[in-house]
J.: 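Below you will find the structure I want to go over with you.
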Number of protein chains: 2
Amino acid sequence: MQITRQTEYAIRTLLELAKVPKGEVLQVKLISDRQSIPVEFLKKTVQLLALAGLVSTRRGTQGGIMLARPAEDITIADIIKAIEGPVAINLCLEPGYVCPNQGTCPVSPVLARAQGAFLRELQRESLADLVKPGSDKASLLVDKGEEKQLG
Amino acid sequence: MQITRQTEYAIRTLLELAKVPKGEVLQVKLISDRQSIPVEFLKKTVQLLALAGLVSTRRGTQGGIMLARPAEDITIADIIKAIEGPVAINLCLEPGYVCPNQGTCPVSPVLARAQGAFLRELQRESLADLVKPGSDKASLLVDKGEEKQLG
DNA sequence: CTATAGTGGATGTAATATATCCACTTTGTC
DNA sequence: GACAAAGTGGATATATTACATCCACTATAG
C-alpha cells in the first residue's frame, strides 16, 4: 500500500528536470548527488522513465536527460505508472483479471472507486504546478489529520 | 501500491461475518473453507482483526468469531488499517515522519490529498452496505476505463 | 581518439509477504 | 473429569519483491 522508493526517486528526478530551462539537460550523476539517490539505481529508473516517454536522453559528453514533454503535461500519476505499471490497488483491479466471483463480489467496485479518486486527485496537478513556488503546502496537515481521524 | 493478500482475506472474512445474523459466530475454519484461505494464515489475520477491535472471538467448542461492532460501523478503510497499520501512500506521510525537506518538498501535499481522497471514498460505504444486494456493481467498469485513459 | 554519459545484463542482499507447524489455553459437552 | 473443538501464540520456512551494485558496452562531443 505504498509507492516504491524507486517511484519516489523518479518523482524527485522529474521535479529536478522540471526546474531546468526547457531544452537543457541534467546528468543522471548530478541528480543522484543532489537527491542522494544511488547512481546505478537511478540509471535504471531513468530507463523506465525514458521507456514510458517521460524523459528523453542524450548520450556522450555533454549528454544527460530532459523532460520528453512539457512539464504541464506530466503528473505524478504518470510517473507512478511509468515505474510501477498500471495502478491496481488490488489484484482484482488489474487489467485483464477475471474475478472468479464474477459480479457477485461487492468489494471491487468500492476499491475501483477509491482508486479512481486517488488517481483523479494526482492528475489535478502537473509538474509545472509543483515546481512553481507558493502552492498549497498547508493542505498537508489537513489531510494528515483526516488520516488520523481514521484510527 | 497494492493492498496485501492478507488484507483481502480480512475483507472477505468480515463480509462473511456481516452476512450472518447478529450475535452468531462463524468458525475460522469454515470461513477459510468458503473463501479458500489457508486456515493457519487466516488465524493470524483474525488475531489482527481482533486486536483492532473489529471482531470478537469465542474459544472452545461452539466458539468462533463475530463482528465486534455493527456492520454499519465498519468500512474497508478500517480493515486495511487493522491489517496494515495506518495508511501512508509514501514514507513521508507516515505518522511521526519528519521530512528532511521540511516544507520545501511539493510532493507530499499532493500525495496526502490523493490519499485523503482514497480513504474518504473507502469510508463512504460500510460492510452493511456491501452485503445488501443490488448495489453499484456497474461502476467497476467505469472506473477501470478511467484507469486505462491514464496510460 | 579519448573522456564522458547513457544502455543493458547479471548478480547480490534485504525486506516483506505468504504460509506452515506445533504446542498451548479455553470452553462446551458427554 | 475427560475429551474434543476452537482460538492463541511463537517459531520457522519459502517466495516474491524491492533495493542495490558491478561491469562490459555504445554513442558522442571535442
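Throughout, protein chains are lettered first and strands after them, A, B, ... in sequence-line order, and every chain is numbered starting at 1.
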J.: Is A:Gln27 near enough to C:dG6 that one of its side-chain N or O atoms lies under 4.0 angstrom from OP1 or OP2?
T.: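 Checking A:Gln27 against C:dG6: no side-chain N or O falls below 4.0 Å of OP1 or OP2.
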J.: Is any N or O donor-acceptor pair between the side chain of A:Lys44 and the base of C:dG6 shorter than 3.5 Å?
T.: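 Between C:dG6 and A:Lys44, which were checked side chain against base, a qualifying N/O pair under 3.5 Å is absent.
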J.: So how far is it from A:Ile80 CD1 to A:Glu8 CD, rounded to the nearest 0.5 Å?
T.: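 Rounded to the nearest 0.5 Å, the CD1-CD separation comes out at 11.0 Å.
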J.: Roughly how many Å is it from CD in A:Gln6 to P in C:dT16, rounded to a whole number?
T.: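 Whole-Å distance recorded here is 17 Å.
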J.: Counting only heavy atoms from other residues, nucleotides and ligands, does the tally under 6.0 Å from CZ of A:Arg124 exceed 12?
T.: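 Not more than 12 within 6.0 Å, no.
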J.: Using a distance-only test with no angle check, is there a side-chain donor-acceptor pair under 3.5 angstrom linking B:Gln2 and A:Glu84?
T.: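 The answer is no; no qualifying pair exists.
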J.: Which part of the nucleic acid, if any, lies within reach of A:Gly60 when heavy atoms closer than 4.0 Å are counted: base, sugar-phosphate only, or nothing?
T.: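 It contacts base atoms.
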J.: Given atom CG of A:Leu91 and atom C1' of C:dA17, what is their separation to the nearest angstrom?
T.: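 Distance check: A:Leu91 CG to C:dA17 C1' gives 14 Å.
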J.: Looking only at side-chain N and O atoms, does B:Arg5 come under 4.0 Å of OP1 or OP2 in D:dT16?
T.: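 No, outside the criterion.
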J.: Is the distance from OP1 or OP2 of D:dC25 to the nearest side-chain N or O of A:Arg59 less than 4.0 Å?
T.: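 Negative; the distance criterion is not met.
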J.: Using heavy atoms to find the nearest nucleotide of DNA chain C for A:Lys43 and A:Thr61 separately, return the residue whose nucleotide is more 5′.
T.: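 The answer here is A:Thr61.
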J.: From CD of B:Glu8 over to C1' of C:dT18, roughly how many Å is that when rounded to an integer?
T.: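 These atoms are roughly 14 Å apart.
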J.: For B:Gln62, answer base if it contacts any base atom (sugar-phosphate contacts may also be present), sugar-phosphate if it contacts only those atoms, and nothing otherwise; contact means non-hydrogen atoms under 4.0 Å.
T.: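 The residue B:Gln62 makes sugar-phosphate contact but no base contact.
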J.: Do B:Val107 and B:Leu111 have side-chain heavy atoms sitting under 4.5 Å apart?
T.: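 In contact.
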J.: Looking at the base of D:dC23, is there any donor atom on it, or on the side chain of A:Glu40, that sits under 3.5 Å from an acceptor on the other one?
T.: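 It does, because a donor-acceptor pair links the side chain of A:Glu40 to the base of D:dC23 below 3.5 Å.
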J.: State whether B:Gln47 places a side-chain N or O below 4.0 Å from either non-bridging phosphate oxygen (OP1 or OP2) of D:dG7.
T.: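 False: B:Gln47 side-chain N/O out of range (4.0 Å or more) of D:dG7 OP1/OP2.
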J.: Closer than 4.0 Å, any side-chain N/O of A:Thr57 to the OP1 or OP2 of C:dT7?
T.: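 It does, given that an N or O in the side chain of A:Thr57 lies less than 4.0 Å from OP1 or OP2 of C:dT7.
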J.: Taking B:Gln115 for its side chain and B:Ile89 for its backbone only, find out whether a donor-acceptor pair lies under 3.5 Å.
T.: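 At least one qualifying donor-acceptor pair exists.
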J.: Taking CG from B:Leu48 and C1' from C:dA17, how many angstroms apart are they, rounded to a whole number?
T.: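 From B:Leu48 CG to C:dA17 C1': 13 Å.
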J.: Heavy atoms only, 4.0 Å cut-off, all strands: where does B:Val28 land among base, sugar-phosphate and nothing?
T.: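 The residue B:Val28 makes sugar-phosphate contact but no base contact.
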J.: Is any side-chain N or O of A:Tyr9 closer than 4.0 Å to OP1 or OP2 of D:dA18?
T.: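 False: A:Tyr9 side-chain N/O out of range (4.0 Å or more) of D:dA18 OP1/OP2.
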